[in-house]
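Reminder, nothing fancy here: chain letters follow the sequence lines and each chain counts from 1.
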Number of protein chains: 2
Amino acid sequence: MALIVQKYGGTSVANPERIKNVARRVARFRAEGHQVVVVVSAMSGETNKLIALAKEMQATPDPRELDAVVCTGEQVTTGLLAMGLKAIGVDAKSYTGAQVKVLTDSTFTKARILSIDEANIRRDLDAGKVVIVAGFQGVDADGNITTLGRGGSDTSGVALAAALKADECQIYTDVDGVYTTDPRVVPEAKKLDTITFEEMLEMASLGSKVLQIRSVEFAGKYKVKLRVLSSFQDEGEGTLITVEEDKNMEQPIISGIAFNRDEAKLTMLGVPDTPGIAYQILGSIADANIDVDMIIQNVGHDGTTDFSFTVNRGDYAKAQGILETVKQKLGAREVTGDNKICKVSAVGVGMRSHPGVASKMFKALADEGINIQMISTSEIKISVVIDEKYLELAVRVLHRTFGLDQ
Amino acid sequence: MALIVQKYGGTSVANPERIKNVARRVARFRAEGHQVVVVVSAMSGETNKLIALAKEMQATPDPRELDAVVCTGEQVTTGLLAMGLKAIGVDAKSYTGAQVKVLTDSTFTKARILSIDEANIRRDLDAGKVVIVAGFQGVDADGNITTLGRGGSDTSGVALAAALKADECQIYTDVDGVYTTDPRVVPEAKKLDTITFEEMLEMASLGSKVLQIRSVEFAGKYKVKLRVLSSFQDEGEGTLITVEEDKNMEQPIISGIAFNRDEAKLTMLGVPDTPGIAYQILGSIADANIDVDMIIQNVGHDGTTDFSFTVNRGDYAKAQGILETVKQKLGAREVTGDNKICKVSAVGVGMRSHPGVASKMFKALADEGINIQMISTSEIKISVVIDEKYLELAVRVLHRTFGLDQ
């Protein structure tokens, strides 16, 4: 008998029929003798509907009140799933975040979980009940309702699994696992049986939007066994996200090729090479609430240096405007940019112990005549910025080069 | 400066525009220096939508889970109204029933309020905030969400007013007050400036669905000054529901003519006149969850008696079937019935001190050739059952007879 936390996203509970499917799946796990805690999202579309209502009331809705409104979406799903389980003879009980209670800080709309009281859940599990918890929400020390931000239901699931010391946290979604790359780009892409947390973090942050990054960090920190599965298939083991690299198997050097079409690059040329430059440039970008992805500064010469970074494509024009102002202040030479670029990354813990991954990657791209505009590396990832027209070609070539097709 | 509790029903908060209207009204009361607590219902249609979803999941939804689902409707309105107030510069804060907390018993879907903790509300009011509370809901001692049953938001409003010792509880609805009778039947019907709790109870139970009966009982018990007003008009004082009869004015004998089209009568003839007969007949009716309205048993003769009662017309066939079974058991002679009847009542505390009201009423009906089938009286009400085809005629005649047109 195992204790399993299952999390179902919005598309998995989009309507009563799908919620009944979820109930049947949960019932099978119960029939096998497992204890099951289910974390649910709002029915797909509901959260957006509630946000739209809020924006009709107030252009920028008050964060506390917005949380009080949007948290109801998940709450409805918990009750409906409990009914669905009772309708097929499985005892179940719904909980809001406040009822659990999932204690968070008071940062409305993006609160962080501080602790989870597992006493009530444990008691209900021991009484043979399935416990259903509203994802995405908690309550602060003053009893105000908080939400964890978009995708926060994944984090709720992982946090509950950590608090309950569950044997496994299963994230049910509309894909059947994590792939070596996007199958829409490379039909030969293979589902991975396992992936490490670090790799998953790099994959997730690069656009493979299977899991919310925070939930993966959380799972890594608390050593929660995390599994991504399809809620629309009854077969399949999904992808297990593990803390440890698999020692028993020949470790592939690269686990996957991730990419992001949605970037733009900006460069400030001829910046005086003095301390504090990076802060002065990126500080004003951050003040405008623009997220920066890659940041590159090469060694300077003649007392100046060039400073580049990438932003979300939607922020390109705004970032350009800010840089022009900063340019004046710093006495830099020129601001250039390009919003027709993309980022392609090879991710794999294997590269730690295998030298030569980078050069193999660069050679493969050069052989296809693809010019590399920027390079950034981490311990387990090599990212390149290239012209967006080469995206598919680059992903296919790298997928083959690192043997992911087999 | 007064402390006012205002309650807005579903049609008053049906969409963002109407919620903004409510916000503007609340803001005016604040501007006049009053402290305001607002109790809101779900946006009209929302509760039915949630119940329909629940019924798709489970034919008879689990009561605890049904409450967890439907309570979200009011919760959404509270947050939206708080945003609407903030948008026009009025500080406001929303509360769920659990956050207040409104402690109830554990009778899901029709819980009773046990106590209200007013500490948080008082603190926010003193800080200059408008406090917005989700109507219709509470929380039991174990932290389960409960609801008070249909129309329970009125009761929430009155209970809050009682707990806070508010100066007035204003119920905003889609009519501008309580009328001497239904203006659709008698165009000369007049809005009453005041009505006593007892009269209101009789009027409400007879089909003038302005206020939920429980809320009127509650207001009477805790001496809450209750006022019914239109949320669609800015003018008008509505109708004040008072504990005391107005000593300063010539008390009208009759305050209003109420009626109910939705009844059916059943009679068991020739029942052996022995103790326990009423219980044996009505017990089986109650076991089938059929509500009984009027009950009449006249003196018996020859060892038998006749027993009559009225039920909701929708329960007529079911009640008939039950009576046939009971007839066998009791050895009664015959079951008769009629579902083409209606009930018309004259209501007024004045009849306590004015004899002759009943005979005046019966004469007026007789003068029009209207046959009275059943009569039932209370201290401040006389009800008659007549053929439904005479309903409008009877109401108009009585309205004129008791001088309500003037």
Taking all heavy atoms of B/Pro16 and all of A/Leu53, pick out the closest pair and write down the distance. CG-CD2, 3.7 Å
Side chain from CB out, backbone as N, CA, C, O: work out which of these in A/Asn144 comes under 4.5 Å of a heavy atom of chain B, or both, or neither. both
Who among A/Lys93, A/Met57, A/Glu17, A/Gln75 has the most heavy-atom pairs with chain B under 4.5 Å? A/Met57
If you count heavy-atom pairs under 4.5 Å with chain A, which of B/Leu80, B/Asn15, B/Val76, B/Thr96 comes out on top? B/Leu80
Using non-hydrogen atoms only, which part of A/Thr60 is less than 4.5 Å away from chain B: side chain, backbone, both, or neither? neither
Do the side chain of B/Lys20 and the main chain of A/Glu56 share a donor and acceptor less than 3.5 angstrom apart? yes
If you look at every heavy atom in A/Met83 and B/Val69, which pair is closest and at what distance? CE-CG2, 4.0 Å
Counting heavy-atom pairs under 4.5 angstrom with chain A, the leader among B/Gly73, B/Ala54, B/Gly143 is B/Ala54
When every non-hydrogen atom of B/Glu65 is compared with those of A/Gly79, the smallest separation belongs to OE1-CA, 3.6 Å
Okay, A/Leu85 and chain B: the region with an atom under 4.5 Å from a heavy atom over there is neither
Given a strict heavy-atom distance threshold of 4.5 Å, which part of A/Ile145 is in contact with chain B: side chain, backbone, both, or neither? both
Give, as side chain, backbone, both or neither, the part of B/Ile132 having an atom under 4.5 angstrom from any heavy atom of chain A. neither
For chain A, the option from B/Thr77, B/Thr72, B/Leu50 that forms the most heavy-atom pairs under 4.5 Å: B/Thr72
Select one option (side chain, backbone, both, neither) describing which atoms of A/Ala92 are under 4.5 Å from chain B's heavy atoms. backbone
Answer key: most heavy-atom pairs under 4.5 Å with chain A among B/Ala23, B/Ser94, B/Ala68, B/Ala59 is B/Ser94
Does a sphere of radius 6.0 Å around NZ in B/Lys49 hold more than 12 heavy atoms from other residues, nucleotides or ligands, not counting ones at 6.0 Å or beyond? yes
